[in-house]
Amino acid sequence: MQPFTYTGHPARVIFGAGTTSKLQAEVEALGIEKALVLTTPPQKDQGDALVAHLGPRSGGLFSGAAMHTPVDVTDEAMAVYQRSGANGVVSIGGGSTIGLGKAIALRTDCPQVVLPTSYAGSEMTTIIGQTDAGRKTTQKTLKVLPETIIYDVDYTLTLPPVMTVTSGMNAIAHAVEALYAEEANPVLSLMAEDGIAKMVAALGRVQAAPQDGDARTDALYGAWLCAICLGSGGVALHHKLCHVLGGSFNLPHAETHTVVLPHALAYNALAIPEAMKALRRATASDTPAAALFDVAKSGGAPTSLRELGMPEDAIAQAIQITLENPYYNPRPLEADSLRATLQAAWAGDRPAA
Ligand code: NAD
């Protein structure tokens, strides 16, 4: 075994169906006297239900969370937080809502209880991205790491079918890259392989029966493992491309991960023999990149950058930005090969075996 470094982040995780019943006790255990509940406009009803559940420990609801954590939204939420006398937050939603809770924690160091309802994985990371005047900056700090995560499978039953697949692929991407990132280590690889295996198998079952509680449980458990990979591991070409495409061309987060992952993996495949062995086991396929493409396609998710609205002539600019400030990658980045990779992702070609 090669020497390695493993960094674990502290987190209390409560997992299962109906686990929201533990919220009141968890808020109390953190010493939160009043919690401001956070969510997005479409999830306002779920936020209202948590306000009712918290009773006198609720500091009210802010339901204006938005994609990419815009600072003007955070300023608005901060004003509500201060007026309410809250000393903690409860975030219910996907990465956008969790991002707002992290932004408040960054400014106040308050404790956070998070109830994730998508598979994006922000709840397990020390990463916070914020957008000011259209410019996104990202930082890592333990200040934003949520103290308690309540994974309640029941919320994921309402994830629309296509979002289930794109969010699941977003999670899988974190684990795939943890297998071959510079920070790869045997402990994370265990979690990565099991996370991918659970998610890939569950997505097929959820597609056949969206209300299948066992399949939804496996998907959320897989998402947690994949989230640990993002929080404690590293990233490589796939995440770099997604950050470039999301940041420069405003492409949607989970959908971009879904389209790019099979192609980024195909780019690296020959340079990552051990990771490919794990991926063959996890996807139950000799051709993991093609298998992941098939998961997206059969789930009705987008499989091309063209469908996401990226103009074909933007490929050259995307490559230029990628090469200007590259992340670590196991295979050296070459402009011609990257062009072929992005061209295939743009057109929606199935990666070759
Ligand atoms: P999102 O949070 O923007 O959610 C998309 C929409 O789906 C929202 O309207 C949301 O309310 C709704 N939704 C969420 N769960 C639902 C459910 N169970 N049922 C019905 N509707 C539901 O999307 P996301 O993909 O979860 O998160 C993406 C954002 O998170 C991006 O801004 C990304 O940069 C960020 N992110 C950050 C990290 C990090 O570590 N900081 C990690 C992953 C993602």
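What you are looking at is a predicted structure, and each value in this text was computed from that prediction instead of being measured. Both ligands and their constituent atoms are indexed starting at 1 by order of listing.
Scanning all heavy atoms of the two residues, the minimum distance from Ala120 to Ser167 falls at N-OG, 3.7 Å.
Counting heavy atoms closer than 4.0 Å to ligand 1, residue His68 contributes atoms from both its backbone and its side chain.
Annotation: Thr117 places an N or O atom under 3.5 Å from an N or O atom of ligand 1; distance criterion only. Residue Ser118 has at least one N or O atom closer than 3.5 Å to an N or O atom of ligand 1. Inclusion of Gly121 in the set of residues having an N or O under 3.5 Å from an N or O of ligand 1 is not warranted. Checked against a 3.5 angstrom limit, the closest N/O atoms of Thr97 and ligand 1 fall outside it. By the 3.5 Å distance cut-off applied to N or O atoms, Lys136 is counted among the residues near ligand 1.
A donor-acceptor contact shorter than 3.5 Å links the side chain of Asn185 to the backbone of Leu188. Between the Gln130 side chain and the Ala103 main chain, no donor and acceptor come within less than 3.5 Å of each other. Remark: side-chain polar atoms of Asp218 are not paired, donor with acceptor, to backbone N or O of Ala202 under 3.5 angstrom. Checking side-chain atoms of Ser84 against main-chain N and O of Tyr81 turns up a donor-acceptor pair under 3.5 Å.
Note that OG1 of Thr19 is 11.0 Å distant from OH of Tyr151, once rounded to the nearest 0.5 Å. The NE2 atom of His9 sits 8.5 Å away from atom CE of Met124, with the distance rounded to the nearest 0.5 Å.
Close to ligand 1: Leu230, with a non-hydrogen atom less than 4.0 angstrom away. Taking 4.0 Å as the cut-off, Met124 does not count as a neighbour of ligand 1 on heavy-atom distance. Not close to ligand 1: Glu255, with no non-hydrogen atom less than 4.0 angstrom away. Within the 4.0 Å heavy-atom shell around ligand 1 one finds Pro42.
Counting only heavy atoms of the protein, atom 13 (N) of ligand 1 lies nearest to Gln43 OE1, 3.4 Å. Nearest protein heavy-atom neighbour of atom 17 (C) of ligand 1: Thr158 OG1, 3.6 Å. Ranking protein heavy atoms by distance to atom 28 (C) of ligand 1, first place goes to His253 CD2, 3.7 Å. For atom 6 (C) of ligand 1, the closest non-hydrogen atom of the protein is Met163 CE, 4.1 Å. Closest to atom 8 (C) of ligand 1, if we only count protein heavy atoms, is Thr40 OG1, 4.3 Å. Among protein heavy atoms, the minimum distance from atom 3 (O) of ligand 1 is reached at Ser96 OG, 2.5 Å.
Taking each of Gly247, Ala120, Pro116 in turn, the one with a heavy atom nearest to atom 25 (O) of ligand 1 proves to be Ala120. Heavy-atom proximity to atom 37 (C) of ligand 1, evaluated over Ala66, Ser122, Ala65, is greatest for Ser122.
Applying the side chain to side chain donor-acceptor pair (under 3.5 Å) criterion to Glu307, with sequence neighbours excluded, gives Ser304.
Ring geometry for His238 versus His257: interplanar angle of 30 to 60°, hence tilted.
Ligand-side atoms of ligand 1 in range of Met67: 3 (O), range being under 4.0 angstrom from any heavy atom. Proximity to Gly94 (heavy-atom distance under 4.0 Å) selects the following atoms of ligand 1: 2 (O), 26 (O). Near Gly95, with a cut-off below 4.0 Å to any heavy atom, the atoms of ligand 1 are 2 (O), 24 (P), 26 (O), 27 (O), 29 (C), 30 (O). Distances below 4.0 Å separate heavy atoms of Thr125 from the following atoms of ligand 1: 39 (C), 40 (O), 41 (N).
Counting only heavy atoms from C-beta outward, the side chains of Phe249 and Leu308 never approach each other to under 4.5 Å.
Heavy-atom contacts from other residues, nucleotides or ligands closer than 6.0 Å to CZ of Arg107 number more than 12. Within 6.0 Å of the NZ atom in Lys140, the count of heavy atoms belonging to other residues, nucleotides or ligands does not exceed 12.
Between His253 and His68, a ring centre-to-centre spacing not shorter than 6.0 Å is recorded.
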